[in-house]
Amino acid sequence: MCYGYDGDDALRRSLDTREVPEPGGPSRRTLLRGAVAGAAGLALTGTAVGSAAAAPHRHRGHPRGRRVPPGRISLQLWTVREGLGEPWGPGDYDETLTAVAEMGYPRVEQALGYFGRTARELRAFYRDIGVRASSSHDGISESRAAAHEKFQNAVTLGQRYVVVPFLDSASLSEWTQWAEQMNAEARLARKYGLAYGYHNHAHEFTTDLGGGITPWDVLTSRLDRRHVHLEIDIYWVVTGGVNLGLSNDDAQRFALRTIRRSPLAVRQYHVKDRHTTGPEETSHADLGTGFIDFERFFRAQQVEEYIVENDTPDVTYLQTADVGYDYLRRIRF
């Protein structure tokens with residue numbers, strides 16, 4: 001079993017709605033929305049904050065029957081990192097996660113550590129506020145002992161999935177080695193009852209490793225489909241198409257083909273929208289305010305978990321989380 005990749009460092013480089021009443025007053029969700037709306041000045045497309053997905057998606061079309069099961073909606077904590085505390089921002093972990101729970105999220109995808117708690121203590125906190133950590137972003141471990149510790153913590157937290165969040169190199173041999181490492185870790189994860197996945201960015205589709213071979217070619221040919229699944233980040237696959245010179249519409253078709261033709265099971269989505277113009281650093285959009293037609297993706301492939309994420313929230317991280325939850329609760333496909 002090979003090791004040696006610093007996943008924590010890699011992550012740092014990667015970039016029924018429920019009301020919870022408070023005694024004698026409105027729910028925190030209601031207060032949160034009012035505060036965010038005032039601070040934002042109704043900045044998102046002129047639509048009141050807290051409405052369905054902030055603005056009607058221009059690709060919505062006719063209402064359809066299927067819905068995202070509420071219990072499968074999750075939030076990637078990278079989205080709200082500024083509210084988690086140092087070193088990511090001045091926020092408070094407990095307050096931010098409590099606000100996320102009171103928006104209605106039943107799940108979160110763990111990232112960036114436990115912020116001073118053990119896995120057992122963090123699970124107890126999540127239980128108290130009414131969410132569970134069903135998934136996590138964890139890099140390839142540097143040793144077998146570290147891999148065991150990673151998976152044991154995931155089991156303690158009650159997770160179902162452990163996902164490698166980011167790998168990047170222009171070396172074919174490195175991608176080949178990483179695929180072998182992930183296969184080995186995935187076999188170990190299975191002994192813990194965990195599903196092991198890989199989360200994409202855009203460069204897997206655009207980096208030429210020689211002879212036209214891309215990292216995506218390596219991953220989809222060398223990862224063991226019996227043990228490794230994909231957590232498809234829809235935004236990043238579309239961005240990969242854009243970076244290949246495709247139009248926004250053709251980039252979406254490229255992403256749909258990628259999903260449909262994948263030899264690996266697609267079990268999780270990162271649901272992230274994209275503005276029509278601008279560089280990657282500013283093209284992230286709150287759900288429903290960009291051009292990605294998520295109905296098409298959800299019709300093409302339904303998954304076990306739909307995870308809201310925005311690397312650069314349009315106004316505030318809590319508004320992004322709130323808008324994202326409402327969007328997934330209301331979308332029909």
Side-chain angles (χ1 to χ4, degrees), residues 14-15 40 42-64 66-68 73 75-76 78-79 199-206 216 230-262 266 268-303 306-317 319-333:
S14 75
L15 296 178
L42 305 182
L44 281 181
T45 68
T47 303
V49 175
S51 62
H57 201 292
R58 67 178 185 173
H59 297 289
R60 290 293 294 271
H62 298 293
R64 298 177 183 272
R66 283 182 289 186
R67 303 170 58 184
V68 174
I73 298 174
L75 176 70
Q76 164 53 239
W78 177 255
T79 305
H199 164 272
N200 66 277
H201 286 74
H203 60 270
E204 289 92 341
F205 306 99
T206 59
W216 196 251
L230 295 175
E231 178 182 76
I232 287 288
D233 189 308
I234 297 173
Y235 165 93
W236 281 120
V237 186
V238 171
T239 297
V242 171
N243 291 347
L244 288 170
L246 302 178
S247 68
N248 290 340
D249 286 343
D250 285 342
Q252 291 188 86
R253 295 187 186 98
F254 167 80
L256 285 163
R257 287 197 302 272
T258 297
I259 292 170
R260 288 176 173 141
R261 296 177 181 177
S262 170
V266 178
Q268 297 168 281
Y269 277 147
H270 268 202
V271 188
K272 299 163 61 175
D273 216 340
R274 195 180 198 280
H275 292 302
T276 55
T277 59
E280 288 180 10
E281 293 78 11
T282 60
S283 64
H284 300 264
D286 287 346
L287 287 183
T289 68
F291 71 80
I292 297 179
D293 184 356
F294 292 104
E295 292 178 1
R296 294 171 64 189
F297 287 90
F298 295 175
R299 288 197 300 271
Q301 175 74 49
Q302 297 178 63
V303 294
Y306 300 76
I307 305 167
V308 172
E309 187 182 31
N310 186 341
D311 291 12
T312 56
D314 285 343
V315 180
T316 72
Y317 53 85
Q319 175 175 301
T320 287
D322 197 33
V323 167
Y325 178 78
D326 273 356
Y327 183 86
L328 288 184
R329 287 289 286 116
R330 295 173 186 268
I331 191 172
R332 300 291 184 274
F333 55 95

What distance do R299 atom CZ and F294 atom CZ have between them, rounded to the nearest 0.5 Å? 13.5 Å

Do T239 and E280 touch side chain to side chain, with heavy atoms closer than 4.5 Å? yes

Between H201 and H203, how do the two ring planes meet: parallel, tilted or perpendicular, split at 30° and 60°? parallel

Just do the side-chain contact (heavy atoms from CB on, under 4.5 Å) check on D314 and H275 with the steps written out, would you? CA-CA 11 Å; D314 285 343; H275 292 302; 3.5 Å; yes

Return the set of residues passing side-chain contact (heavy atoms from CB on, under 4.5 Å) with A251 (not counting sequence neighbours), or none when no residue passes. V238, V242, L246

Mind checking side chain to side chain donor-acceptor pair (under 3.5 Å) for R253 and listing every partner two or more places apart, or none if nothing turns up? D250

side-chain contact (heavy atoms from CB on, under 4.5 Å) assessment of F298 paired with L328: CA-CA 11 Å; F298 295 175; L328 288 184; 3.9 Å; yes

Pairs satisfying salt bridge (Lys or Arg N to Asp or Glu O under 4.0 Å), at least one member in residues 230-248, at least two apart: D233-K272

Nearest atoms (heavy-atom pairs only) where N200 meets E204: CA-OE2, 3.5 Å

Checking R66 now: which residues fulfil salt bridge (charged side-chain N to carboxylate O under 4.0 Å, His left out) with it, not counting sequence neighbours? none

Please determine whether side-chain contact (heavy atoms from CB on, under 4.5 Å) holds for the pair I307 and L75, giving the CA-CA distance in whole Å, both sets of side-chain angles, and the decisive distance to 0.1 Å. CA-CA 5 Å; I307 305 167; L75 176 70; 5.7 Å; no

For residues V308 and Y325, determine if any side-chain heavy atom of one lies less than 4.5 Å from a side-chain heavy atom of the other. no

Which atom pair, heavy atoms only, marks the closest approach of S283 to T277? CB-O, 4.4 Å

Should L287 and V271 count as side-chain neighbours, where that means a heavy-atom distance under 4.5 Å? yes

Quick one: CG on D311 to NE2 on H270, what's the gap to the nearest 0.5 Å? 9.5 Å

Looking at side-chain heavy atoms only, is the closest gap between D273 and Y327 below 4.5 Å? no

If I compare all heavy atoms of F297 with all of A255, which pair ends up nearest, and what's the gap? CE2-CB, 3.6 Å

Backbone N/O of I259 and side chain of R261: donor-acceptor pair under 3.5 Å: no

Do the non-hydrogen side-chain atoms of D322 and Q319 ever get within less than 4.5 Å of each other? no

Who pairs with Y235 by ring-ring contact (aromatic ring centres under 6.0 Å, His included), at least two apart in sequence or on another chain? H284

side-chain contact (heavy atoms from CB on, under 4.5 Å) with R260: which residues, sequence neighbours excluded? L256, A300

Return the CD to CZ distance between Q252 and R257, rounded to the nearest 0.5 Å. 12.0 Å

Using the test side chain to side chain donor-acceptor pair (under 3.5 Å), find all partners of T79 that sit at least two apart in sequence or belong to another chain. none

In this structure, CZ of F291 is separated from OG1 of T276 (nearest 0.5 Å) by 7.5 Å

Take V237 and I232 through the test side-chain contact (heavy atoms from CB on, under 4.5 Å) and record every step on the way to the result. CA-CA 8 Å; V237 186; I232 287 288; 4.0 Å; yes

Restricting to ring-ring contact (aromatic ring centres under 6.0 Å, His included), what partner residues turn up for F254, sequence neighbours left out? F205

How many angstroms lie between CZ in F333 and CD in E295, if you round to the nearest 0.5 Å? 9.0 Å

How far apart are the closest heavy atoms of Q301 and Y269, and which atoms are they? O-OH, 2.9 Å

Side chain to side chain donor-acceptor pair (under 3.5 Å) involving N310 - partner list, sequence neighbours excluded: D286

